[in-house]
> 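First the structure, which I've put down as structure tokens, then a few questions once you've had a look.
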Amino acid sequence: MSFTRLPIRVLAPLLFGIPVLIVGVWLSLTWNRQSQKAVTQLAERSIEEIHRTTADKIADVLSIPVQVCQVNKHLVTTKALPPDDLAAWRPTFVRESRTFDMLSAISWGSADGRSVWVSRYADGSTYWAIKDDSSSEQMEEWKLNSDGEVLHDTRNSFEFRLETRPWFQAPRDARRPSWSDPYVWVGGGAGDEKTLGISYGIPVYHADRTLMGVVDADYSLNDLSRYLSKLQIGKTGMAFIFSADGTLLATSDEVELVSAIGGQLPTTGSDNPQVTAVARFLKADQREGTVISHMHMAGETYNLHASPVGGEVGLDWRLLTIVPQSDFVGDIEAEFARSWLVSFVAVLLAVGLGLLAARWLVQPITHIGDSVRQIGQGDLDTRLEIQHAPEYTHLATEINKMAEGLQDRLRMQKSLSLAMEVQRNLLPSESPQIQGLDIAGHSTYCDETGGDYYDFLDVGGSDEDTAVLVIGDVMGHGVAAALLMATARGILRSRCAEPGSLADFLNHLNDMLVVDTNGERFMTMLLVTLSAKKDTIRWASAGHGPPIVYVPQEDAFPELDGGGLPLGLMEGEEYAEYWQPGIHSGTIILATTDGLEETMNEAGEQFGKERLQDLVRANAEKSSEEISQIIRRALVGYRGTGSQDDDLTFVVAKVL
């Protein structure tokens, strides 16, 4: 029978339905393949990001024991922590334990067998323990209250031999700063909760190179397990960390790390079948560094990703994530099955519409769908060119506008994210704690990002009781100002690693900035050196106003002057350092950017320097933070309903 003899109600569905069915099947298969590939790539990137962030986390938290031990070694060698009076160490250890609450213990062990520590056990309680008699084998321990004071009715005594403790043995035997092997301890009080931890110790020696003792800080690996448990690793994936010898250190799935008798468990001895299977796989693989592979177990394919962590602090650990492949593609397979049903329904509808609808309607829709899929997969350069019915032409135009808008929004989002990240990291997170000085800083930007900057510098060779304050103001606002400020901050902090005068720092910073700005952008900066043990402040200025100094004994504001060109304008500019005597107890130093004095009220009048001085004079007996808050409230009240037109940044320092 010829097709031309068939009635149109039969011919049209045949001519239209069969091609549509073929296209539907092809699109479904293509979608399934491309979706699996895209999802797998996104999942792999997510796993890589987990490894990067976890490596950074481990490097960050395990740098704390190193830094605390370095500080305590200095305190011991300078007799700030007297080796002959261990009872006097409790306030310092309690303060350090509170400041660095990720540490499980801070300890000292003398070469003669005496020891002292503040420890935080798995149940959250904090204990103070001391053995001050080298001839005794008993350690006395007390629980501490929330204020760090001893609860005398909690006294506990137990046998203690310092030379058997891993945290003391490792650095003593190595004769250098060392990490101990991970070990298990139980406590506190009558508790039986087990803690798997690792300690970092630094041996301290007398002048004749005989051992004085070991300073130590412990970190609980239970905290690493808690961190891993919060990570989203696929839907059912898990992560664990193990040492070079295959010992389990931390896991995300509450896998036991300690045996019933208190020993550490190797990966091959875990009761979790995934852990043991991965251990055997890696043992057979023998590859070093980052390993990305697949493993088959119980009819399931797993994605493996292993990478080294802890190298920054001298540890040879590995992080491994294992994720079932079904976590990535299971939903796609289910959606693929549903897409077959949708395709079948679409064929039925297409058959009902007929050949004319197929030729006139489906073709542009297919074209639009392909383009939208490309845009959805990230190809934002895709553009639609459709010459058809006005509705299709309008839809293509709107999709093109959408793609262009997404490109602009993506660029804007990346730029703003970078700027906001820079701003968060530029300003100090807290004021320096310097004996005899009370310092507070504040900065508020008028836009999302700004050009104001303040910092507290750690200058190489300077005394511990000396503060070096810096405040700067970049021309303009926004991302460009923030990036220039970030550049200046990095250069200045790098230069502070070596001793030098304030003028030297400005000379160096100016020469470096001129190369980047070509003299087209600039910033002002003020550096101030202040010490509670000296009656003189020193400062150097690059186009920035001098500090405001208030001497309460004389009720006077000495007029300070001096400075050079703003930074970034002219190469080779030589800056000078100035000084001012008469800095005694109660003296207040205020360094500001021009945003404070130039704040306008609703009448267009500036706040001015005189009002600022009156605020300082009226509140001179208060702390620096209180003065800072008073200045901010005064500016808000003075501005009224007007908007903040400039960045507000200042640093208040008071000699106690």
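Computed over heavy atoms, backbone and side chain alike; hydrogens, waters and symmetry mates excluded. Note that the structure is predicted; figures quoted are calculated from it, not measured.
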> To the nearest 0.5 Å, how far apart are CG in Asp181 and CD1 in Ile198?
7.5 Å
> Between Ser110 (side chain only) and Gly113 (backbone N and O only), is there a donor and an acceptor less than 3.5 Å apart?
no
> Take Gln138 and Phe160 through the side-chain contact (heavy atoms from CB on, under 4.5 Å) test and state the conclusion after the steps.
CA-CA 6 Å; Gln138 294 296 309; Phe160 175 81; over 6 Å; no
> Side-chain contact, heavy-atom cut-off 4.5 Å: Leu530 with Ile589?
yes
> Should Glu141 and Arg155 count as an ion pair when the cut-off is N to O under 4.0 Å?
no
> Is atom CD of Gln553 surrounded by more than 12 heavy atoms (other residues, nucleotides or ligands) closer than 6.0 Å?
yes
> When you measure from the side chain of Lys143 to the backbone of Thr126, do you find a donor-acceptor pair of N or O atoms at a distance under 3.5 Å?
no
> What residues form a ring-ring contact (aromatic ring centres under 6.0 Å, His included) with His74, not counting sequence neighbours?
none
> Are the side chains of Cys496 and Val459 in contact, using a 4.5 Å heavy-atom criterion?
yes
> Between Trp117 and Trp108, is the gap from one ring center to the other below 6.0 Å?
no
> Determine the minimum heavy-atom distance between Ala250 and Leu224, stating which atoms define it.
CB-CB, 3.7 Å
> With the side chain counted from C-beta on, respond yes when Met139 and Ser115 share a heavy-atom pair under 4.5 Å apart, and no when they do not.
yes
> Do the non-hydrogen side-chain atoms of Gln70 and Ile202 ever get within less than 4.5 Å of each other?
yes
> What residues form a side-chain contact (heavy atoms from CB on, under 4.5 Å) with Leu656, not counting sequence neighbours?
Asp438
> Are Glu625 and Arg632 within salt-bridge range, i.e. N to O under 4.0 Å?
yes
> Could you state the interatomic distance from OG1 (Thr54) to CD1 (Ile241), rounded to the nearest 0.5 Å?
7.0 Å
> Rounded to the nearest 0.5 Å, what separation is found between the NE2 atom of His442 and the OG atom of Ser624?
14.5 Å
> Is the closest side-chain heavy-atom distance between Leu527 and Phe505 below 4.5 Å?
yes
> Can you confirm whether Leu151 sits close enough to Leu144 that some side-chain heavy atom of one is under 4.5 Å from a side-chain heavy atom of the other?
no
> Nearest heavy-atom pair of Ala532 and Val655: which atoms, and what distance?
CA-CG1, 4.4 Å
> Using the test ring-ring contact (aromatic ring centres under 6.0 Å, His included), find all partners of Tyr453 that sit at least two apart in sequence or belong to another chain.
none
> Write down the atom of Pro83, the atom of Val76, and the distance for their closest heavy-atom approach.
CG-CG1, 4.1 Å
> Determine the minimum heavy-atom distance between Leu320 and Ala306, stating which atoms define it.
CD1-CB, 3.8 Å
> Determine yes or no for a side-chain-to-main-chain donor-acceptor pair under 3.5 angstrom, with Asn145 supplying the side chain and Gly148 the backbone.
yes
> Mind listing the closest non-hydrogen atom pair of Ile106 and Asn72 along with its distance?
CG2-ND2, 3.5 Å
> Let's go through Ile322 and Met238 carefully: what are the C-alpha distance in whole Å and the side-chain angles of both, what is the deciding distance for side-chain contact (heavy atoms from CB on, under 4.5 Å) to 0.1 Å, and is it a yes or a no?
CA-CA 6 Å; Ile322 174 171; Met238 67 173 294; 3.4 Å; yes
> What pair of heavy atoms forms the shortest contact from Gln433 to Ser431, and how long is it?
NE2-O, 3.3 Å
> Is the shortest heavy-atom distance from the side chain of Val204 to the side chain of Val214 under 4.5 Å?
no
> Who pairs with Glu137 by side-chain contact (heavy atoms from CB on, under 4.5 Å), at least two apart in sequence or on another chain?
Glu159
> State whether Asp458 and Arg493 are salt-bridged, where the test is any N-O pair (Lys NZ or Arg NE/NH1/NH2 against Asp/Glu carboxylate O) under 4.0 Å.
no
> In a table with atom names and distances, give each donor-acceptor pair under 3.5 Å that connects a side chain of residues 164-175 to protein atoms at least two apart or in another chain.
residue: Thr164; atom: OG1; partner: Arg161; partner atom: O; Å: 2.7
residue: Gln169; atom: NE2; partner: Glu163; partner atom: O; Å: 2.7

> How many angstroms lie between atom OG1 of Thr444 and atom CG of Leu648, to the nearest 0.5 angstrom?
6.0 Å
> Quickly, which of Ser178, Ser180, Ser107 forms a side chain to side chain donor-acceptor pair (under 3.5 Å) with Ser199? Name it, please.
Ser180
> Test side-chain contact (heavy atoms from CB on, under 4.5 Å) on Tyr227 and Thr53 and set out the steps.
CA-CA 11 Å; Tyr227 171 78; Thr53 56; 4.1 Å; yes
> On the 0 to 90° scale, with breaks at 30° and 60°, tag the Phe456-Tyr454 ring pair as parallel, tilted or perpendicular.
perpendicular
> Any luck finding a side-chain donor-acceptor pair between Arg318 and Ser307 under 3.5 Å?
no
> For Glu49, I'd like to know if atom CD has over 12 heavy atoms of other residues, nucleotides or ligands within 6.0 Å.
yes
> When you measure from the side chain of Asp455 to the backbone N and O of Leu457, does any donor-acceptor pair fall under 3.5 Å?
no
> For the backbone of Ser623 and the side chain of Glu626, can you confirm whether one donor and one acceptor N or O come within less than 3.5 Å of each other?
yes
> Working to the nearest 0.5 angstrom, can you tell me the gap between Lys654 NZ and Ile627 CD1?
5.5 Å
> If we ignore angles and hydrogens, is there a donor and acceptor under 3.5 Å between the side chains of Ser252 and Ser229?
no
> Less than 4.5 Å apart, side chain to side chain, heavy atoms only: is that true for Tyr127 and Thr154?
no
> Ser494 side chain to Ile491 main-chain N or O, any donor-acceptor pair under 3.5 Å?
no
> Can you list the steps and then say if Leu62 with Val66 is a side-chain contact (heavy atoms from CB on, under 4.5 Å)?
CA-CA 7 Å; Leu62 292 184; Val66 177; over 6 Å; no
> Please identify each residue that fulfils salt bridge (charged side-chain N to carboxylate O under 4.0 Å, His left out) with Arg95, with sequence neighbours left out.
none
> Give, for atom OG1 of Thr587 and atom CD1 of Ile537, the distance between the pair rounded to the nearest 0.5 Å.
9.0 Å
> Show the numbers, then the answer: is there a side-chain hydrogen bond (donor to acceptor under 3.5 Å, both in side chains) between Ser220 and Asp223?
CA-CA 6 Å; Ser220 170; Asp223 292 340; 4.5 Å; no
> Side-chain donor-acceptor pair under 3.5 Å between Glu140 and Ser157, yes or no?
no
> Between the side chain of Arg120 and the main-chain N/O of Leu103, is any donor-acceptor distance below 3.5 Å?
yes
> Examine distances only and state if a side-chain atom of Arg98 and a backbone atom of Asp147 form a donor-acceptor pair shorter than 3.5 Å.
yes
> Taking the inter-plane angle between the rings of His305 and His51 on a 0 to 90° scale, is it parallel (under 30°), tilted (30 to 60°) or perpendicular (over 60°)?
tilted
> Consider only side-chain N and O atoms of Ser104 and Asp218, and report whether a donor and an acceptor are under 3.5 Å apart.
no
